[in-house]
Trainee: 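The structure follows.
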4 protein chains.
Amino acid sequence: MAISTRGDVKDLSLSARGKDRIEWAAEDMPVLRLIRERFIKDQPLKGVRMSGCLHITTETANLAITLKAGGADLVLCASNPLSTQDDVAAALVSEYGIPTYAIKGEDDETYYRHINAALDHKPNMTMDDGCDLVSILHTSRSELVENVVAGLEETTTGVIRLKSMEKAEVLRFPVLAVNDSDTKHMFDNRYGTGQSTLDAIIRSTNRLLAGRTLVVFGYGWCGRGVASRGHGLGANVVVCEVDPTRALEAVMDGYRVMPGVEAAAIGDILVTVTGDINVIDQDHLEHMKNGVLIANSGHFNDEINIPALEKLATNKRRVRDFVDEYTYSDGRRVYLLAEGRLVNLSAAEGHPASVMDMSFANQALGAEYMLKLAKDLEPRVYTIPADIDKEIARLKLQSMGIRIDTLTSEQEKYLNSWESGT
Amino acid sequence: MAISTRGDVKDLSLSARGKDRIEWAAEDMPVLRLIRERFIKDQPLKGVRMSGCLHITTETANLAITLKAGGADLVLCASNPLSTQDDVAAALVSEYGIPTYAIKGEDDETYYRHINAALDHKPNMTMDDGCDLVSILHTSRSELVENVVAGLEETTTGVIRLKSMEKAEVLRFPVLAVNDSDTKHMFDNRYGTGQSTLDAIIRSTNRLLAGRTLVVFGYGWCGRGVASRGHGLGANVVVCEVDPTRALEAVMDGYRVMPGVEAAAIGDILVTVTGDINVIDQDHLEHMKNGVLIANSGHFNDEINIPALEKLATNKRRVRDFVDEYTYSDGRRVYLLAEGRLVNLSAAEGHPASVMDMSFANQALGAEYMLKLAKDLEPRVYTIPADIDKEIARLKLQSMGIRIDTLTSEQEKYLNSWESGT
Amino acid sequence: MAISTRGDVKDLSLSARGKDRIEWAAEDMPVLRLIRERFIKDQPLKGVRMSGCLHITTETANLAITLKAGGADLVLCASNPLSTQDDVAAALVSEYGIPTYAIKGEDDETYYRHINAALDHKPNMTMDDGCDLVSILHTSRSELVENVVAGLEETTTGVIRLKSMEKAEVLRFPVLAVNDSDTKHMFDNRYGTGQSTLDAIIRSTNRLLAGRTLVVFGYGWCGRGVASRGHGLGANVVVCEVDPTRALEAVMDGYRVMPGVEAAAIGDILVTVTGDINVIDQDHLEHMKNGVLIANSGHFNDEINIPALEKLATNKRRVRDFVDEYTYSDGRRVYLLAEGRLVNLSAAEGHPASVMDMSFANQALGAEYMLKLAKDLEPRVYTIPADIDKEIARLKLQSMGIRIDTLTSEQEKYLNSWESGT
Amino acid sequence: MAISTRGDVKDLSLSARGKDRIEWAAEDMPVLRLIRERFIKDQPLKGVRMSGCLHITTETANLAITLKAGGADLVLCASNPLSTQDDVAAALVSEYGIPTYAIKGEDDETYYRHINAALDHKPNMTMDDGCDLVSILHTSRSELVENVVAGLEETTTGVIRLKSMEKAEVLRFPVLAVNDSDTKHMFDNRYGTGQSTLDAIIRSTNRLLAGRTLVVFGYGWCGRGVASRGHGLGANVVVCEVDPTRALEAVMDGYRVMPGVEAAAIGDILVTVTGDINVIDQDHLEHMKNGVLIANSGHFNDEINIPALEKLATNKRRVRDFVDEYTYSDGRRVYLLAEGRLVNLSAAEGHPASVMDMSFANQALGAEYMLKLAKDLEPRVYTIPADIDKEIARLKLQSMGIRIDTLTSEQEKYLNSWESGT
C-alpha cells in the first residue's frame with residue numbers, strides 16, 4: 001500500500017487508467033465543462049481552502065478538477081470505505097495534483113484517519129456526502145470550525161443530519177443543501193440511483209430481473225428510481241413505506257404496497273433506500289425465501305441489520321465478488337451484496353456522469369454562491385436559488401441539443417393576471 | 001328548460017338516474033364517507049352559508065351532500081359551461097335539496113347568471129374550481145365580500161389567479177389552496193386528469209392510441225399524468241414545456257421534447273394542460289398534419305387559440321359528438337374536441353370518484369379548518385396542514401385494505417440524531 | 001321497431017348519424033380505401049352472393065361498402081345481440097343499400113331469425129365472426145351448403161370451432177382463417193381488444209384503473225393486449241392461464257400469475273379473454289371482494305358463469321348503463337358489465353378503425369383470394385399467403401408516412417448462404 | 001498460455017473461481033437440475049460422442065455437466081473468440097473433466113484450431129451456437145460427417161444457416177432447431193438478450209440510458225427484448241426493420257420506426273440484433289453524431305461494417321475496457337463496443353442462468369429426443385415436440401413456486417365442440 005505525501009491511495013501505477021476513465025466521464029459532463037471554462041477565467045474560489053469528503057469516482061474527479069480550476073486549494077477523502085475507485089484516486093494525486101485520501105475496502109480506522117487528514121488541511125469550506133466531515137468538525141475537531149465559512153452537502157441523508165443539527169442549535173456555519181436542488185434530487189437520486197442500483201445488482205449476480213419480485217424499501221426520489229428501473233427490467237415491484245402519501249403514490253403507480261415483513265417473505269431481491277436504520281431487521285431476515293438477494297443503496301450500511309444476519313447464519317462465504325452467502329441453520333441461503341454498503345458505488349461505478357454533471361454543477365456554483373454570501377448567512381441549512389437551479393437545467397438541455405419554448409409576453413401577462421375567467 | 005325556485009337545471013326528470021350515478025360514485029369515495037359520518041355528529045359547518053362554483057359531477061354531488069350533512073347551507077353553480085352532468089344537477093335539486101344552477105352547454109350569459117345566482121346566497125364561505133366565483137366577488141359583486149370569512153380553491157389555475165391577487169394585494173379574505181395538498185395534486189391532477197383525458201379522447205373519437213404521436217403541452221402534474229397514460233396506451237409521446245427543469249424531467253422519462261411548433265407538425269393528437277393562454281396558437285395551427293385531433297384538458301378554453309382556428313378554416317362541421325371538423329383551404333382537416341373546453345369533463349365524466357375522494361376530503365376538512373382559524377388569518381393563500389394531508393392518505397390506504405409500517409422508536413431516534421456516521 | 005324490406009334495423013332515422021360515423025371510421029382505414037379503389041376497377045367479386053355475420057359497426061360498414069364496390073351482392077346480420085350500432089345498421093340499409101339484419105339488444109330468437117334471414121340470401125361465400133353462420137349452415141340450413149364455395153372467419157373463437165369441424169370431418173367447404181394473418185391477430189386482437197376493453201370498462205363505470213388489481217383470464221393475443229393496456233393505465237395486473245408457456249411469458253412480463261380462484265379473491269376488476277366456457281365459475285364468484293367489476297371480452301357470453309351468479313345473488317339491479325349489480329346474501333355486491341357479452345363492442349364502440357383497417361383488408365383480399373382458388377381447395381381451414389399478409393403491413397406503414405429499409409442484395413445473399421462464419 | 005492435454009484454456013489456476021461461479025449459476029437453473037437427476041439414473045446419452053461449439057459460460061458449463069451426467073463423452077470449444085469466460089473453461093477442464101478449447105480474446109486462427117480440435121473427437125452428435133461446427137463438418141472436415149447421427153442448434157442465426165443448407169440440399173444429417181422452441185426463443189432471446197445487452201452497454205460505458213436515443217436494428221425476439229429493456233431504463237427507442245409486419249408492430253408498441261441511415265443520425269446508442277451483414281454500413285457510419293456508442297448483440301461480428309469504420313477513422317484508441325474510440329477526420333468520435341462482437345457475452349456475462357435454464361433444458365432433452373429418433377429422420381431441420389416444450393415451461397413455473405389452472409373436462413369438451421354458439 002502506497003503512502004504519498006500528497007494523499008493516501010492504493011497504487012499510483014493505476015493513474016493512467018484512472019485518467020482515461022476520468023476523461024471518459026468528462027465527455028458526458030458538458031455543464032460542468034462550461035462552468036470549468038468560466039472558473040478558469042473568473043477564479044471565484046481563489047485561495048479558498050476546501051476539504052471534500054466525497055465518493056472518489058470519475059465524476060467526483062471532474063468536480064475536483066473544476067474546483068481547482070476555479071482557484072480552490074482542495075483536498076479530498078473518501079465518504080465511504082467501499083466506494084473509492086482506486087485508479088481515480090491515483091490519478092487525482094499524480095495526474096491532477098489533488099491530494100486524496102481514499103482506498104477501496106479501507107477499514108474503519110483508516111476511513112476516519114483519512115477524514116482527519118482531509119481536515120488537517122484546515123478548510124475554509126467543506127463539501128460532504130453524508131455529513132461525516134461536518135459531523136467530525138463539530139465534535140472531535142471542533143477547534144477547526146472557526147476557519148470554516150460555509151459547507152455544502154450532497155445527499156438526502158446528510159441533509160437530514162444537518163437539519164437535526166440546525167434544530168438542536170449546534171450547527172456552527174451555514175451549509176448549502178445541494179441535494180435540495182431540483183436539478184440534483186429529481187435526476188441524480190431518481191435516474192442515477194435507479195439505474196446504478198440495478199446495474200450493481202446485475203453486475204454482482206448476473207441474475208435475470210424479469211419475473212422476479214423486487215422489494216424496494218423507501219419510495220423517496222431514490223426509491224422511485226429503483227422501483228421504476230426494476231419494473232423496466234421486468235421485475236414485479238413491491239414497495240414498503242412508512243409515509244402514507246408516498247405509499248399511496250406507489251399504489252397508484254401500479255406497485256403492490258405492504259408491510260416490510262410480509263414483503264421480505266415474498267421478495268427475490270430486496271433493496272433499501274430509506275436513510276434510516278434497521279429497515280431490514282431481524283424479523284425480516286427470519287422470514288426470507290431461500291436464495292434471496294439483499295442490497296442497500298442508501299447512504300449508510302446500517303439500513304440492513306447485518307449483526308442480526310451474522311447471528312442468524314451458521315455459515316458465511318463469498319461466492320462471487322460482492323456476494324456473501326449466509327446459510328441459516330434450516331439450510332436457507334441469503335445473499336448480501338457489497339457487505340450492505342451502498343451497492344451502486346461498491347459493486348458498480350456509481351451514478352453515471354450525465355446526472356452527476358448536474359449534481360456537481362450545483363456543487364461548483366453552490367460553492368461560488370456560498371462564498372459570496374457567507375458573511376451574511378446564519379449557521380443554518382440553505383438551498384440554492386431557483387434561478388441557478390433552472391440555469392443548470394437550461395445548460396443541460398442545450399448540451400443535449402434540445403430546444404424548448406419560452407413564454408410569450410402575452411402568456412406571461414396572462415399568468416400574472418386574475419381577472420379573465422371562463 | 002326548467003326553471004326551479006331552487007336552482008336552474010335542464011330537466012328534473014333526470015334526477016332518478018342522477019341519484020343512481022351519485023350513489024355509484026359514493027361507493028368509491030370511502031374517505032369522504034368517513035368524514036360525512038363524523039360531520040353528521042359534529043356539525044362543524046352548522047349554519048355556514050356556502051356558495052360553491054364547481055364542476056357539477058357525481059363526485060361533486062357527494063362533496064355537497066357531505067357539506068350539507070355537516071350543517072352547511074349550500075348553493076352550487078357550474079364552474080364550466082360544458083362540464084355539468086344534467087342528471088346530477090337534477091338530483092341535487094330534487095333528491096338532495098341542494099339548490100344548483102348548472103346546465104350542460106349553457107351559453108356565457110347563462111353561465112355568469114348562474115354564478116351570480118350562487119352569490120345571491122350571500123355566502124360566508126366560497127368554494128371555487130378555477131377562481132371564477134372569487135374573482136366576481138372581488139369585482140362586480142364586491143358588496144358581498146364582507147360576509148365572507150374564507151374561501152377554498154380546487155385547481156392549479158385558480159391558485160395561480162389567487163396568488164396574483166395576493167401579490168397585487170387585492171385579495172380580501174383568506175383562501176385555502178386545496179390544490180396544494182399532496183393528496184390532491186399528486187393524485188387528482190396526475191392519475192385523475194391522466195386517465196380521464198385519454199378516456200375523453202377515446203370516447204369522442206374511438207381512435208387507436210397505439211402507434212400515434214401524442215403531443216402533451218405542459219409537464220406539470222396534469223401533463224405528467226396525460227403523458228404517462230398516453231404512453232401506457234401505446235402512443236409515442238412528445239412533450240412541450242417552457243420550464244427547463246420540467247423539460248429535462250420529460251426527457252429523462254423517455255419522451256421527446258421539442259418546441260411546440262415543431263411538435264404540432266408531427267403530432268396526431270395534441271393536448272394542452274398548461275394553465276396558460278394560446279399554447280396552441282396560430283403558428284401551431286398552420287403547421288398541423290391532416291387529420292390531427294386537438295384537445296384541451298386545462299381549466300380554461302383559451303389554451304387553444306380557437307379564433308385563429310376559425311379564421312384558418314374555410315369550413316366547419318360537427319362529425320361526431322364533441323368532434324368539430326375544421327377544413328383548411330388546402331384541404332387539411334383538423335378536429336377540435338369539446339370546443340376546446342376541458343375535454344375530460346366535457347366529453348367524458350371527469351376524474352374518477354376514487355381520486356376525487358381525496359380531493360374532496362381536502363375540501364371538506366379544509367372548510368372545517370378554515371372556519372376554525374378564519375378570524376386569525378390574513379387575506380392570503382394558505383395550504384392545508386401536513387397532518388390533515390397525511391391523515392387523508394392514511395384513511396385512503398385503509399379503505400383499500402393496504403397496511404404499511406410505522407417507524408420504530410429506534411428509527412425515529414436515528415432520524416433525529418446526527419452523530420452516528422459511516 | 002322498423003321492419004324494412006331490405007333488412008331489419010331499429011330506426012332508419014338514425015342513418016344520417018350513422019353515415020357520419022362510418023365516414024369518420026373511413027378516414028382511419030387507408031388500406032381498405034386503396035383496396036376499394038382497385039375493387040371498383042377490377043370487380044373481383046362480381047356477382048358473388050355473400051352473407052356476412054359480423055359485428056355491425058362503423059368499421060364493418062366500410063368492409064361491406066368495399067365488398068359491394070368489388071361487385072359482391074351482400075347481406076349482413078349481427079354476430080352478437082349487443083354489438084350492433086343501430087345508426088350504422090340504419091345507414092347500411094338506407095344510405096348504402098346493403099340489406100342488414102341487426103338490432104342492438106335483440107333477444108336470442110331475433111338474433112337467430114336475423115342469421116337465417118342472411119342465409120336466405122343463398123350465399124356463395126360466407127363471412128363470419130365467431131362461426132355462427134357456418135355452424136347453422138352445417139346444421140339446420142344444410143340444404144344451402146351446396147351453394148357455398150368458400151367462407152372466411154375473423155376470430156380466434158371461430159377458428160377454434162372450424163378446426164374442430166375440420167378434425168371431425170364435418171366441414172363442407174374451405175374456410176380462410178383471417179384471424180391467423182399476422183396483420184390481423186397481432187394488431188386487432190392485441191392493440192384493438194386491449195384498448196377497447198379498457199375503454200369499455202371505463203366508459204361503463206368511470207372507475208380509476210390506477211392502483212386497482214386487474215385480473216386477466218387468458219394470455220393469448222387479446223389477453224396480452226388487455227394486460228398491457230391495463231398496466232399502462234396504472235393497474236396492478238394478475239394473469240390466469242392454463243398454458244404453461246403463456247403463463248411463464250406473463251411472469252417474465254412482470255405480472256403475477258396464479259390460479260383463477262385465488263386471483264378472483266384479490267381482483268378489483270376481472271376480465272375474461274379466453275374463448276372458453278365458465279372461466280369465471282361458481283367457485284370464483286363465491287370468493288369475490290365486495291365491489292368487484294366483472295367483464296368478458298371474449299367472443300361468447302359464456303366465459304362467465306352467469307347462471308351461477310344469478311343463483312348466488314339475492315338481488316339484482318341496473319345501476320348504470322351496462323352495469324348490473326348483483327347483491328349476495330352476505331351483502332357483497334358484484335358488478336357484471338354488459339351482461340357478460342363482449343364488453344368492448346357492447347359498452348364501447350369496439351376496435352378502433354385503425355386496426356380493423358388491417359383485419360378487414362385481410363377479409364377483402366381474402367375473399368378475392370378464396371374465390372380465385374376455391375375450386376382447388378379441400379374443405380379445410382386455410383390461412384392467407386404471407387405475401388398478401390406482408391403487403392397489408394406495407395400499405396399500412398405507407399399510409400402512416402413511415403418508411404423502412406429493404407435488404408441490400410449483399411444482405412439477401414448473406415441470409416441465403418451458410419458458409420461464412422465467425 | 002496453458003496447453004492442457006484435455007483442452008486449451010488460458011489459466012488452469014482460475015478453476016476454483018470458475019467452479020464457484022458455475023455453482024452460482026446452477027442455483028438458478030432448477031429445470032436443468034431435475035433433468036440432470038434423471039439423466040444420472042437413465043443414462044440416455046451413454047457412450048455418445050458429442051462435440052459442442054458453444055459460448056463457454058457458467059450456464060453452458062451446467063449444460064455440459066448435465067450431458068456428461070447423462071453418459072455423453074463430451075468435448076467443448078468456443079463459439080465466439082470473445083465470449084469465453086476463462087475461469088469457467090479452466091474449471092470445466094480441471095474440476096469437471098470436460099475437455100474444453102476456448103480462450104477469451106483468441107485470434108481467428110486459434111478459434112478455428114479449437115473448433116477442429118473439438119471435431120477431432122469424432123462426434124456422433126453436434127451442438128452448435130451459430131452453426132460454425134456443422135458448417136466446417138460439411139466443408140473442410142466432411143470426412144467426419146458419416147459418424148454424426150444428429151445435431152442441435154441454439155441460435156436464430158444458426159437456424160437461418162441450416163435452413164439455407166437444407167434448401168440447398170447439402171445438409172447431411174438431421175438437426176434440431178432448439179431456437180425454435182417456445183421455451184427458448186420467447187425467453188432466452190427476448191428477456192435474456194434484452195437484459196444482458198443493456199447490462200453490457202452499461203458495464204462497459206457507465207452511461208445513463210435515461211433520456212438517450214437508443215436505436216435497435218432488428219425487431220425479432222432479440223430486438224423486442226433490447227427495445228423493451230432499453231425503454232425500461234428510460235431510453236427513447238427507435239427501431240429499424242426490413243420486415244413490414246415487424247416494423248408495424250414496433251410502431252404499435254410505441255417506438256419510432258425509420259430507415260437506418262436516418263436513425264443512425266439521431267441515435268446516441270446503436271445496437272444491431274438482426275443476423276444479417278453490414279446492418280450498420282458505411283452510409284450509417286458517416287452520419288453518426290459525435291459520441292455515439294455502437295454495439296452488436298447479434299451472433300456474428302459482421303452486423304457492423306467495421307472495415308468501413310476503420311477507413312473512416314483517422315485515429316483509434318481503447319478508452320475503457322471493451323470501448324474503442326474511433327476519431328473521424330472532422331473530429332467526431334464514435335465508440336465501438338467489444339470490437340463489434342456480441343456485446344452481452346463479450347462485455348458482460350451473457351444471458352442470465354434463469355433463461356439459459358430453459359434453453360439448455362431444450363438442448364438436453366433435445367439431445368435425448370434426437371438420439372432416439374435419429375435413424376428415422378431425414379437430413380433436415382426439426383423442431384422439438386410441443387409436449388416437451390410445454391413440459392419445460394411447466395417445470396420452470398413449478399420451480400418458481402407458481403401454480404396455474406388446468407382445463408376442466410367441461411372446458412376441454414367445449415374447446416373441441418363447434419355446435420354451441422351465441
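Every chain is numbered from 1, with letters handed out A, B, ... down the list of sequences.
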Trainee: At a 4.5 Å cut-off on heavy atoms, which part of Met252(C) comes close to chain D: side chain, backbone, both, or neither?
Mentor: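 For Met252(C), the contact with chain D is made by backbone and side chain together.
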Trainee: Please classify the contact of Glu410(C) with chain D as side chain, backbone, both or neither, using a heavy-atom distance under 4.5 Å.
Mentor: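 Both parts, backbone and side chain.
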Trainee: For a quick test of reading the model, state the closest non-hydrogen atom pair linking Ser417(D) to Ser164(C) and the distance between them.
Mentor: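 In terms of heavy atoms, the two residues are closest at O-OG, 3.8 Å.
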Trainee: Side chain from CB out, backbone as N, CA, C, O: work out which of these in Glu391(D) comes under 4.5 Å of a heavy atom of chain C, or both, or neither.
Mentor: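 Contact with chain C: none, neither part.
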Trainee: Go through Gly260(C), Ala393(C), Ser228(C), Pro259(C) and name the one with the most non-hydrogen pairs under 4.5 angstrom from chain D.
Mentor: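 Maximum pair count with chain D is reached by Pro259(C).
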Trainee: Which distance, rounded to the nearest 0.5 Å, do you find between the CG of Asp243(C) and the CZ of Arg394(D)?
Mentor: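 Interatomic distance, Asp243(C) CG to Arg394(D) CZ, rounded to 0.5 Å: 8.0 Å.
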Trainee: To check you understand the geometry: which heavy-atom pair defines the closest contact between Leu397(D) and Ala247(C), and what is its length?
Mentor: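 That would be CD1-CB, 3.8 Å.
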Trainee: Based on non-hydrogen pairs under 4.5 Å, which of Ile160(C), Ile136(C), Leu407(C) is most in contact with chain D?
Mentor: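 The residue among Ile160(C), Ile136(C), Leu407(C) with the greatest pair count is Leu407(C).
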Trainee: Answer with side chain, backbone, both or neither: which region of Thr406(C) has an atom nearer than 4.5 Å to a non-hydrogen atom of chain D?
Mentor: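 For Thr406(C), the backbone is the part near chain D, not the side chain.
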Trainee: Quick one: which of Lys167(C), Met258(C), Glu249(C), Glu262(C) has the most heavy-atom pairs under 4.5 Å with chain D, could you say?
Mentor: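 Option with the top pair count is Glu249(C).
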Trainee: Just do the side chain to side chain donor-acceptor pair (under 3.5 Å) check on Asp302(C) and Tyr414(D) with the steps written out, would you?
Mentor: CA-CA 11 Å; Asp302(C) 47 15; Tyr414(D) 181 87; 3.1 Å; yes
Trainee: At a heavy-atom distance under 4.5 Å, which candidate from Val239(C), Thr157(C), Asp253(C), Leu395(C) has the highest pair count against chain D?
Mentor: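 Looking at each option in turn, the highest pair count goes to Asp253(C).
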Trainee: Can you see which heavy atom on Glu241(C) is nearest to which on Ile404(D), and at what distance?
Mentor: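 Scanning both residues completely, I find the closest heavy atoms to be O-CB, 3.4 Å.
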Trainee: Answer with side chain, backbone, both or neither: which region of Leu248(C) has an atom nearer than 4.5 Å to a non-hydrogen atom of chain D?
Mentor: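 Both parts, heavy atoms under 4.5 Å.
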Trainee: Find the distance between CG (Asp276(D)) and NZ (Lys413(C)) and round it off to the nearest 0.5 Å.
Mentor: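 Asp276(D) atom CG to Lys413(C) atom NZ measures 12.5 Å (nearest 0.5 Å).
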Trainee: How many angstroms lie between atom CD1 of Ile277(C) and atom CD of Gln411(D), to the nearest 0.5 angstrom?
Mentor: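 Answer rounded to 0.5 Å: 8.0 Å.
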Trainee: Considering only heavy atoms, which portion of Met165(D) lies under 4.5 Å from any heavy atom of chain C: side chain, backbone, both, or neither?
Mentor: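 Both parts, backbone and side chain.
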Trainee: Starting at CG of Asp283(D), measure out to OG1 of Thr408(C) and round the result to the nearest 0.5 Å.
Mentor: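 The distance works out to 11.5 Å.
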Trainee: What option among Thr274(C), Ile115(C), Val257(C) has the most heavy-atom pairs under 4.5 Å with chain D?
Mentor: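 Highest number of pairs under 4.5 Å: Val257(C).
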Trainee: Applying ring pair (Phe, Tyr, Trp, His ring centres under 6.0 Å), can you list everything that pairs with His351(D), at least two apart in sequence or on another chain?
Mentor: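 If we apply the ring pair (Phe, Tyr, Trp, His ring centres under 6.0 Å) test to His351(D), skipping adjacent residues, there are no hits.
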Trainee: Give, as side chain, backbone, both or neither, the part of Val134(C) having an atom under 4.5 angstrom from any heavy atom of chain D.
Mentor: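 For Val134(C), there is no contact with chain D at all, as no heavy atom is under 4.5 Å.
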Trainee: So what's closer than 4.5 Å to chain D heavy atoms on Val251(C): side chain, backbone, both or neither?
Mentor: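 The side chain, not the backbone.
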Trainee: Can you tell which part of Arg190(C) gets under 4.5 Å to a heavy atom of chain D, answering side chain, backbone, both or neither?
Mentor: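 Side chain of Arg190(C) only, per the 4.5 Å heavy-atom cut-off to chain D.
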Trainee: Look at atom CD of Glu169(D) and say whether more than 12 heavy atoms of other residues, nucleotides or ligands are closer to it than 6.0 Å.
Mentor: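 Open: at most 12 neighbouring heavy atoms sit under 6.0 Å from CD of Glu169(D).
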Trainee: Name the option with the most non-hydrogen atom pairs under 4.5 Å to chain D; the candidates are Asn278(C), Val355(C), Asp389(C).
Mentor: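 The candidate making the most pairs under 4.5 Å is Asn278(C).
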Trainee: For Ile402(D), is it the side chain, the backbone, both, or neither that has a heavy atom closer than 4.5 Å to a heavy atom of chain C?
Mentor: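 Answer is side chain: those atoms of Ile402(D) sit under 4.5 Å from chain C.
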